[in-house]
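Whatever order the structure lists ligands and atoms in, that order sets their numbers, starting from 1.
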Amino acid sequence: MTDTRTDHQPAGDGQAATRRLFIKTYGCQMNVYDSERMADVLRPLGYAPTDTPEDADFVILNTCHIREKAAEKVYSELGKMRVLKEARGGAMTIAVAGCVAQAEGEEIMLRQPAVDLVVGPQAYHQLPELLTRTARKRGERIGADFAPNEKFDALPQTRGVDGVTAFLTVQEGCDKFCTFCVVPYTRGSEWSRPVASVLAEARELADRGVREVTLLGQNVNAYNGEGPDGQPSTLARLFHALAEIPGLDRIRYTTSHPNDMSDDLIAAHGDLDVLMPWLHLPVQSGSDRILRLMNRKHGRQKYFDLIDRIREARPDMAMSGDFIVGFPGETDRDFEDTMDLVRRVNYASAFSFMYSPRPGTPASTMAAQVPDAVSCERLHALQSLLTEQQIAFNASRAGMTIPVLFERKGRHDVRAQAVGRSPWLQSVHVDNADHLIGQIVPVHIDHGQQNSLTGRLIQQKAA
Ligand code: SAH
Ligand code: SF4
Ligand code: F3S
């Protein structure tokens, strides 16, 4: 090891990496993308990823502020990192990135002296510079202003691609201000990457063997990046351009807001085969009264109408969603409306959470906070209904022949098992298929379990 912690110059001349980087990621897919990009930014300095923090020269916790538990986890994890750092006589740099860094940067530095630097989600392209400054003086903190355009302009063109699927952030931030949510405060206001920049990254991914991209944004369907004509483009138009890229066979996107589900986006689901028939469209609650208190700016009927239109455009569309139970003032009747909505929509998968009051959000000071025991009971009832629907959806694929994109080897080496994805984002386990990784192949589905499908090849030739 040659690391001195004061020398952060590029390794240069293709020298082997000499520093080890450990990144732990919490929260949403946008953080997963950011973690990959942080590794890209640090690669020219000679940092190579390691799976364990014990031997890492640089540890980054990429954090999430969405619920209290997520945010608190960071402090306990930092406690563990401090012990590791002490065991190495201090020869470890610790950074906190992501949404907790943005929201509570100062508090982190005060609460955990082992932390060397704090970097917000729109500032991590400055990590090399920050590292150099930190080597001189602890306590660098960047991220108060939101300038995603600077970040994307500064990120390296080349990505460390690992596998045949990839995330691609096209939109950042949120202007919706749902009364329970911290995202508008941690990520800033809505901003979209220009079409040319998205296409360049997508082409690069396709050239390196990626066959499926998931476009990301806190409100990805509010995308309005600058198009080639200098005018704002819609997400649907971006999909049409992406569909032209050779080798890019599947497109997904997440997360969408019902109010930004535009006509051309719905139509794109009917027009573009590359757009996968799985849509994450969170509604949070089925009660009009609670939706109003949440400032969601639409009612349950609008959600039902949207889903009817989406299913008309793409009859095999599988729906996914997010739900919050125990929002302040939620009555049994309101909760029953949520259960009713879930029964009517029939989800293929969904996430559900107990409401968590977040500092600075309007809902956190609303009267009639629901007792934990009540929320907990409601969460169990909702989750068992959603699980039932997920099992039924998976079981409904049995007997079908479906295209599967093989992603990786399975656990059963002796059976040459491979794991892939169905169009509906289900994991599919297939024996004698580990030579097909990276290919889209028809698979006959034998069984649908709670969390995956099992099937067999019907032919050896790749699609
Ligand atoms: N932009 C997306 C959601 C981003 S946050 C949307 O509008 O749907 C991801 C999910 O976390 C939300 O959909 C919501 O279900 C949940 N969530 C956000 N804030 C929360 C809070 N304070 N307590 C519990 N769950 C919350
Ligand atoms: Fe949060 Fe609402 Fe914005 Fe989604 S739309 S990120 S829930 S404020
Ligand atoms: Fe969490 Fe930030 Fe994503 S708060 S959910 S990591 S945008």
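- Checking only distances, Q218 does come within under 3.5 Å of ligand 1, N or O to N or O.
- Considering backbone and side-chain N/O of Q284, one or more are found under 3.5 Å from N/O of ligand 1.
- Residues with a heavy atom under 4.0 Å from ligand 3: C28, N31, T63, C64, H65, I66, C99, R187, Q218.
- Taking a 4.0 Å cut-off on heavy atoms, R296 registers as neighbouring ligand 2.
- Under a cutoff of 6.0 Å and an axis angle of 45°, R20 and F58 do not form a cation-pi pair.
- Every residue two or more places apart in sequence or in another chain that forms a ring pair (Phe, Tyr, Trp, His ring centres under 6.0 Å) with F177 is listed here: Y185.
- When distances from atom 4 (C) of ligand 1 to the protein are checked, no heavy atom turns up under 4.0 Å.
- Applying the ring pair (Phe, Tyr, Trp, His ring centres under 6.0 Å) test to residues at least two apart or on different chains, the pairs with a partner in residues 210-239 are F239-Y253.
- At under 3.5 Å, a nitrogen or oxygen of R296, whether backbone or side chain, sits near a nitrogen or oxygen of ligand 1.
- Any N or O atom pair closer than 3.5 Å counts here, and D322 shares at least one such pair with ligand 1.
- Considering both main-chain and side-chain atoms, S356 comes within under 3.5 Å of ligand 1 through a nitrogen or oxygen pair.
- Each of D249, L405, V210 was compared with V164 under the side-chain contact (heavy atoms from CB on, under 4.5 Å) criterion, and only L405 meets it.
- Aromatic ring centroids of Y347 and F323 lie under 6.0 Å apart.
- Shown are the protein N/O/S atoms under 2.8 Å from atom 3 (Fe) of ligand 2, given by residue and atom: C174 SG.
- Looking at ligand 1, you'll find an N or O of F180 within less than 3.5 Å of one of its N or O atoms.
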